[in-house]
Every structure is written in structure tokens, then in C-alpha cells.
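Numbers restart at 1 for each chain; the letters A, B, ... are given by sequence-line order, proteins then strands.
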Amino acid sequence: MSEEAREKPSNFIRDIILEHNRTGRFGGRVVTRFPPEPNGYLHIGHAKAICIDFGMAQEFGGRCHLRFDDTNPTKESQEYVDAIMRDVRWLGFDWGPHLYHASDYFEQLYAWAVQLIKAGKAYVDELTAEEMREHRGTLTEGGRESPHRSRPAEESLDLLERMRRGEFEEGAKTLRARIDMTSGNLNLRDPVMYRIRKAPHQRTGDAWCIYPMYDWAHGQSDSIEGVTHSICTLEYEDHRPLYDWYLDQLGVHHPQQIEFARLNLSHTVMSKRKLLELVNAGLVTGWDDPRMPTLAGLRRRGYTPEAIRDFCERIGVAKADNLVQVALLEHCLREDLNRRAERRMAVLRPLRLVVENYPEGKVEELPAINNPEDPSAGSRRVPWSRVLYIEQDDFRDPPPPKYFRLSPGAEVRLRYAYIVRCTGVTRAADGTVAEVRCEYDPASRGGDSGGRRVKGTLHWVSASHSIGAEARLYDTLFTAPRPDEAEEWKSVLNPKSLEVLRSCRVEPALAGAPAEARFQFERQGYFCVDARDSRPGALVFNRAVGLRDTWAKIEKGGG
RNA sequence: UGGGGCGUGGCCAAGCGGCAAGGCGCGGGACUUUGGAUCCCGUAUUCGGAGGUUCGAAUCCUCCCGCCCCAACCA
């Protein structure tokens, strides 16, 4: 079934928008926004949000803005801003001219703050952070009002102005909304609107030393941009009353906030804090380490934007906590690459195979199909000669039950080449197999079995024509499905998440493969030319995902 | 009696009073020059639990149970 033909699963957000359109709440307009804070790289969880934000806008003929929530200069940087834009584009979404920053609105926000003070809805407080925490009360008990809560508006106005001028130290004063210190919703217990931060901002430089809090900046930014549907994750559900309160006090355009459950993926962690820690502790090589759930990591690993978008569509949108198995993500990649990736032969763990009855020095160029799923991909020629390499796993002596591969006396097909019969092995002093010997059947050229039953087909490369390469095989970063629930999440890191194979032999057609090119190495999996470390003459391939391996299951299950 | 959410098969997830979609996974089979792909078939008498309303409930009502989020001058 094609992607277009598949019906999109229904979801409650679409239903809400449909209802708004039906009642004319926003005049039929649909404007959404993706509002990342530039304090880390985007991950697969963000991809879900991006697909929803941009997807809903697209579906309803509206638009989606990219807005950086840059209200905390101490944690944000231009590196992250650049990476985020790169990743959103790579995923396949376009914000057109609608690139915004919360910092674009600092002046307007300030003016609105003044308006709220004048209306008696906000005041400058002088409680320290600790005092404020004490005054806030607990989950089950209401809080106490600050002694500065009833300070005259004029005084707050003067203080706020001086805060802005930099007359006070960090932490000395805050601007707070005057709402309800007894509310069961802690967000409504006089939330801080501005705090003093004498830190330069990546966009506004040193123009400001007071910065708006998320709640004060977010809804107003949405309003200014004419956003209609402010879609976010469940943890903001408690913030919605505050989001609504600010907008109502100001009497400005009022978007609808809608919350959905964030994505949890098995065998990985998703919090930016933990991902940052992995990077800083050197437990991975960087934000784009192929084992990371970041878009940069997935991309380097070999994931396609199409596969990720398909995944985001398949996981659905709901409000229930979830833990999606990585198997689904992997399935999406396989399905995409099976259709699109050209096939190549690559021997990861080489074992010499000598064709005794094939003339020394003779070479044949055998045609091989590039992609059986796509005739338009054509074919290439693969050199064959007397000495070849096959996979170490493809020879066993003695052979286990149901083993279709090579073993003494057994017959097997070498893909696109000839059928060979194993005539013997040469062992090293320690008993390990050094070399396998065989005879080929000249009549089976191209792999034609001539009616004979040959169950196994192996991939191979010519020893003298193949080129060396490095392969990096990845497994999940964590061994536990829910690392977050382990006593210590880092203790459950997978020590085998990376295996490096340095003596691989790949067919010559792979020589000029450009960075990020993806191939299916027949019988093994989908591999991607590493964008960072691969060089012509020193190729490095990342295994994005293995092929389904029925034999591995049989063998593991004891036959 | 803090507040806010959520509970449908191993994992996601449709369903919105008419008698349990779909996907992943898993099991079996067909086919196969990738033990790949593809194709069949199977996989919840039951929707957290108990009552109730109704001819009829996963869908409505009541109570109960469980899980998640909130006490940053983070987002």
C-alpha cells in the first residue's frame, strides 16, 4: 500500500480542529507553531511534535511557525538554533517566512507587564527563591501571600523599570502575577513573570537583564503571531489555566492550547538533560552519535526523513502514557529502504573461499540487479575470480540442523555467480578455519540452478577486486526497555551498543559512495556511509538496521 | 476531599449506545537466486473493577482501583 493511499488514523486533535472549523471559532484559520528552546538537539520525540504541528497546519491549509522559545539565555546557544533549523528542514518541513523568536516580543511583553501592573494584576516582589518556595505552600496546602503583594502599582512600576535598567542584583526581585496563592494549581500561586538575569542573550545581546518566564512569554507569543492551535505535551496541561489567564487579562487574541502525550521510545532516554549528560560524559561521541535518538543521530545512522515521518504517523496521537517499541521505528526504516536502497554485496567478517577448479588469473564481470523492488534501478557488474571472501557465519563444520549454508560436501549458490560445492577446509594451527575450498559448476553461471534444489544463497566478493571498509554495528543504547525506571539510568547502558568491524571487504561498486548514501548489504541490513568519518579509500558504513533474520530466530530457538 | 490527566490484546491505537478497525510484534503456511521482500492464515466472547440505566454499553451514570504530571526566579 502506498503512503498516500493509506488512510491517516484519526486523532483527537484533528477532531478538535474540525469542530472549531465547524463552529467558526477561528474563522476557519489554522495556525500552529513548533516552539523549541534552543538548549539541545531535537530528538525523535520532537519529531512527533513537529509532525503534528506542521502536519495539522498542512492538512487544513494553514501554516506552522518555527519559533524559538529563547527566554533563558543561560542555557541557550546559536549552535542549537542552527542544529534545530537544520533538523526540521531535513525532516521535511518548511516554515516559509515564519521564523520567529520569543525574544522578538520582549518589548511588547514588557509593555503588557506594565499594563498588568497598572491593572493591579502584577507586582514586583522581593522574596528570595527560598522564601518564595516557602510561601508557595505544598501540593496539599495553600500558600501565603508575599508581604509585597499589595504594594501600590506606582511602586511596582518604578521597581520594574529599575529592574530593567539593571539596578538590582540577580535574584533580588521578580515581577509576579497576582492571581491566587490558595489555588490547587500551583501555577496559579502568583507565578513569576520576570526574573533578573545579567547574562547576554544570543539575539538581544545585553539589551535586557530581565527575562520573561515561559508562561509569560509563550501564550503571548502565540497570540501575537495569530496562532490558533497551540499544541504541546501533557505536562503543560496544568499550565493551560495560566495560559488562559494572561490572555484574558490582556484581552488579546486567544489561541486554544491542546495537549497530547509525549512519545516514549523503548531502550533509550528522551530527556534533553540526560542526552546532554551522555554527550558531556563522553558516553557517546556527540549529539549526532548514531546511537542517539536525536534527529542528527538518526540521520547519521541512516534513517530517512520519510521513515521517521511514517513512524510518527503510525504511533498515533493520544493522551495516554505510552512506550513505543523501537521495533516499530526499525520496521518503518526497513519498509522505506527496502523500496529505495540499492543492493550491494559486502562481507563483514571475511573468510577465504578458494574455487579450486576456476582458472587462476581469470576474471568475469557478472551482472547483479541493483534493486529487485525497483526495476528502474538497473544493474551493475560484480567481478568474480578464483579467490573470494564469504561471511564467516556462512560456513559451519559440522553444520547445525536446518543450516542451508556451506559445510563440507554441501552445495550452495553464490549470488548472481555460480553454484559451488565445498570440497574441504584448511585449518590454522589452533583449529580455526583458515580457508574453505570448493569447486564451481560452470553450467550454473548467473546462479542458475538448472532445476536442482539449492536452498542457500550466499553473498561474496572477489578477494583481489574488493575494497576494504569499516562497518559500525549498533545495538540499542540501553539494555533496559525503560532506562528511566532503573535505579541509576546510566547503569543500564548497553556495553555492546557499538561493534566496530575494521576488516570488511565490499564490492568495488561501493568505492565512490558519497556521505549519507544508503545501501542494503544483501542478507545483512541497511548501511549508510558515515557523514563524519568516511573517506574515499577509507569507507566507513553505519548499520542503520539489520534485515529480518529468520535463521537467527531458528538457531536461537534451538531449531 | 490539593489540582490536572489517563486506563481497549505483548507494544501503539481506532471506536463517541447497536453488538471490538488497523499497525508493530509473535506463531503457522505459500513463494523465493537476499533464511530479505511479497502473499495468505492465526493471535481480546472482551474493553482497569463492581454496580446501575437500556431491548442493547468499551461507549451513559455511580462508586472503587491503578498509573502519570505539578511545589525551578527551567521550558
Engineer: Considering only the C1' atoms, how many Å lie between B/G4 and B/G42, rounded to the nearest integer?
Structural biologist: 42 Å
Engineer: If I take atom OH in residue A/Y526 and atom P in nucleotide B/U34, what distance separates them, rounded to the nearest angstrom?
Structural biologist: 13 Å
Engineer: Determine which nucleotide pairs with B/U45, using a 3.5 Å limit on both distances of a Watson-Crick or G-U wobble pair.
Structural biologist: none
Engineer: Any base atoms under 4.0 Å from A/F521, or only sugar-phosphate, or nothing? Heavy atoms, all strands.
Structural biologist: nothing
Engineer: Rounding to an integer number of angstrom, what distance separates B/A44 and B/G15 when you compare their C1' atoms?
Structural biologist: 14 Å
Engineer: On a whole-Å scale, what distance lies between the P atoms belonging to B/C16 and B/A58?
Structural biologist: 12 Å
Engineer: Closest nucleotide of RNA chain B for A/L414 versus for A/T138: which of these residues is on the 5' side?
Structural biologist: A/L414
Engineer: A/Y211 vs A/F106 aromatic rings, parallel, tilted or perpendicular, using cut-offs 30° and 60°?
Structural biologist: perpendicular
Engineer: Of the candidate nucleotides B/G36, B/A14, B/C73, which contains the atom at the shortest distance from the side chain of A/A318?
Structural biologist: B/A14
Engineer: List the steps, then state whether ring pair (Phe, Tyr, Trp, His ring centres under 6.0 Å) holds for A/H218 with A/Y214.
Structural biologist: CA-CA 6 Å; A/H218 199 84; A/Y214 164 83; 4.8 Å; yes
Engineer: May I have the distance from A/H267 (atom NE2) to B/G10 (atom C1'), rounded to whole angstrom?
Structural biologist: 12 Å
Engineer: Within the structure shown, what part of the strands sits under 4.0 Å from A/E522 by heavy-atom distance: base, sugar-phosphate, or nothing?
Structural biologist: base
Engineer: Whole Å only: how far is the CH2 atom of A/W216 from the P atom of B/A72?
Structural biologist: 22 Å
Engineer: Think A/R415 forms a cation-pi with A/W460, using NZ or CZ under 6.0 Å from the six-ring centre and within 45 degrees of its axis?
Structural biologist: no
Engineer: From CG of A/L139 over to C1' of B/U1, roughly how many Å is that when rounded to an integer?
Structural biologist: 15 Å
Engineer: Can you tell me how far P in B/C6 sits from the matching atom in B/G48, rounded to whole Å?
Structural biologist: 14 Å
Engineer: Report which part of the nucleic acid A/Y211 touches: base, sugar-phosphate, or nothing (heavy-atom distance under 4.0 Å, all strands).
Structural biologist: nothing
Engineer: Could you tell me how far B/G25 sits from B/C12 if I compare only their P atoms? Round to whole Å.
Structural biologist: 15 Å
Engineer: Ignoring the backbone of A/L234, work out which of B/A14, B/G5, B/A71 is nearest its side chain.
Structural biologist: B/G5
Engineer: Return the 5'-most residue of the pair A/Q520, A/T140 with respect to RNA chain B, ranking by each residue's nearest nucleotide.
Structural biologist: A/T140
Engineer: Side chain of A/I554, heavy atoms from C-beta onward: which of B/G4, B/G35, B/C12 has the nearest atom to it?
Structural biologist: B/G35
Engineer: Assign A/S10 to base, sugar-phosphate, or nothing according to its heavy-atom contacts below 4.0 angstrom with the strands shown.
Structural biologist: sugar-phosphate
Engineer: Just name whichever nucleotide pairs with B/C16, Watson-Crick or G-U, keeping both distances under 3.5 Å, else none.
Structural biologist: none
Engineer: What is the ring orientation for A/H101 with A/F68, classed by angle as parallel under 30°, tilted 30 to 60°, or perpendicular over 60°?
Structural biologist: parallel
Engineer: Please pick, from B/G3, B/G23, B/A75, the nucleotide with the shortest atom-to-atom distance to any side-chain atom of A/N185.
Structural biologist: B/G3
Engineer: Looking at B/A71, does its base get a donor-acceptor pair with the side chain of A/H135 below 3.5 Å?
Structural biologist: no
Engineer: What contact category does A/D125 fall into here, base, sugar-phosphate, or nothing, at under 4.0 angstrom with non-hydrogen atoms?
Structural biologist: nothing
Engineer: With distance as the sole criterion, do the side chain of A/E313 and the base of B/G23 form a donor-acceptor contact below 3.5 Å?
Structural biologist: no
Engineer: Assign A/Q325 to base, sugar-phosphate, or nothing according to its heavy-atom contacts below 4.0 angstrom with the strands shown.
Structural biologist: base
Engineer: For the pair A/R381 and A/E365, find out whether any cationic side-chain nitrogen is under 4.0 Å from an anionic carboxylate oxygen.
Structural biologist: no
Engineer: Among B/C74, B/G35, B/C68, which nucleotide has an atom closest to any side-chain atom of A/D321?
Structural biologist: B/C68
Engineer: Could you check whether A/H218 gets within reach of a base, just the sugar-phosphate, or nothing at all, counting any heavy atom under 4.0 Å?
Structural biologist: nothing
Engineer: Nearest whole Å is fine: how far is B/C67 C1' from A/R482 CZ?
Structural biologist: 10 Å
Engineer: I want to verify a distance call: between B/C73, B/G27, B/A37, whose nearest atom is closest to the A/R548 side chain?
Structural biologist: B/A37
Engineer: Considering every strand and a 4.0 Å limit on heavy-atom distances, what is the contact class for A/R136: base, sugar-phosphate, or nothing?
Structural biologist: sugar-phosphate
Engineer: If you look at every strand shown and take non-hydrogen atoms under 4.0 Å, does A/M213 touch a base, only sugar-phosphate, or nothing?
Structural biologist: sugar-phosphate
Engineer: Can you classify the ring geometry of A/Y440 versus A/Y418 as parallel (below 30°), tilted (30 to 60°) or perpendicular (above 60°)?
Structural biologist: perpendicular
Engineer: Between B/U34, B/C74, B/C16, spot the one nearest the side chain of A/D15, thanks.
Structural biologist: B/C16
Engineer: Relative to the ring of A/H43, is the ring of A/H46 parallel (under 30°), tilted (30 to 60°) or perpendicular (over 60°)?
Structural biologist: tilted
Engineer: What is the nucleic acid contact for A/P372, judged by heavy atoms within less than 4.0 Å: base, sugar-phosphate only, or nothing?
Structural biologist: base
Engineer: Please work out if A/R343 contacts a base, only the sugar-phosphate, or nothing of the nucleic acid, heavy-atom cut-off 4.0 Å.
Structural biologist: base
Engineer: Does the distance from a Lys or Arg side-chain N to an Asp or Glu carboxylate O, for A/K274 and A/D484, drop under 4.0 Å?
Structural biologist: yes
Engineer: Rounded off to whole Å, could you give me the CG-to-C1' distance for the A/L323 and B/C67 pair?
Structural biologist: 14 Å
Engineer: Which value, in whole Å, describes the distance between the P atoms of nucleotides B/G56 and B/C67?
Structural biologist: 35 Å
Engineer: The side chain of A/R523 is closest to which nucleotide in this list: B/C74, B/C24, B/G35?
Structural biologist: B/G35
Engineer: Give A/P212 one of three labels, base, sugar-phosphate or nothing, depending on what nucleic acid heavy atoms sit under 4.0 Å from its own.
Structural biologist: sugar-phosphate
Engineer: Looking only at N and O atoms, is any donor in the side chain of A/D238 or the base of B/G3 less than 3.5 Å from an acceptor on the other one?
Structural biologist: yes
Engineer: For A/K455 and B/A30, what is the distance between atoms NZ and P respectively, to the nearest whole Å?
Structural biologist: 10 Å
Engineer: When syn is taken as a glycosidic angle within 90 degrees of 0, is B/A13 syn or anti?
Structural biologist: anti
Engineer: Is A/R133 near enough to B/A72 that one of its side-chain N or O atoms lies under 4.0 angstrom from OP1 or OP2?
Structural biologist: yes
Engineer: What distance, rounded to whole Å, do you find between the two P atoms, one in B/U45 and one in B/C39?
Structural biologist: 28 Å
Engineer: If the plane angle is over 60° it's perpendicular, under 30° parallel, otherwise tilted; pick one for A/Y41 and A/W287.
Structural biologist: parallel
Engineer: Using a cut-off of 4.0 Å on non-hydrogen atoms, how would the nucleic acid contact of A/T128 be classed: base, sugar-phosphate, or nothing?
Structural biologist: base
Engineer: By a 5.5 angstrom centroid cut-off and a 30 degree plane limit, is there stacking between A/Y214 and B/A75?
Structural biologist: no
Engineer: Would you measure the distance from the P atom in B/U8 across to the matching atom in B/C68 and give it in whole Å?
Structural biologist: 15 Å
Engineer: In this structure, how many angstroms lie between the C1' atom of B/G22 and the NE2 atom of A/H331, rounded?
Structural biologist: 12 Å
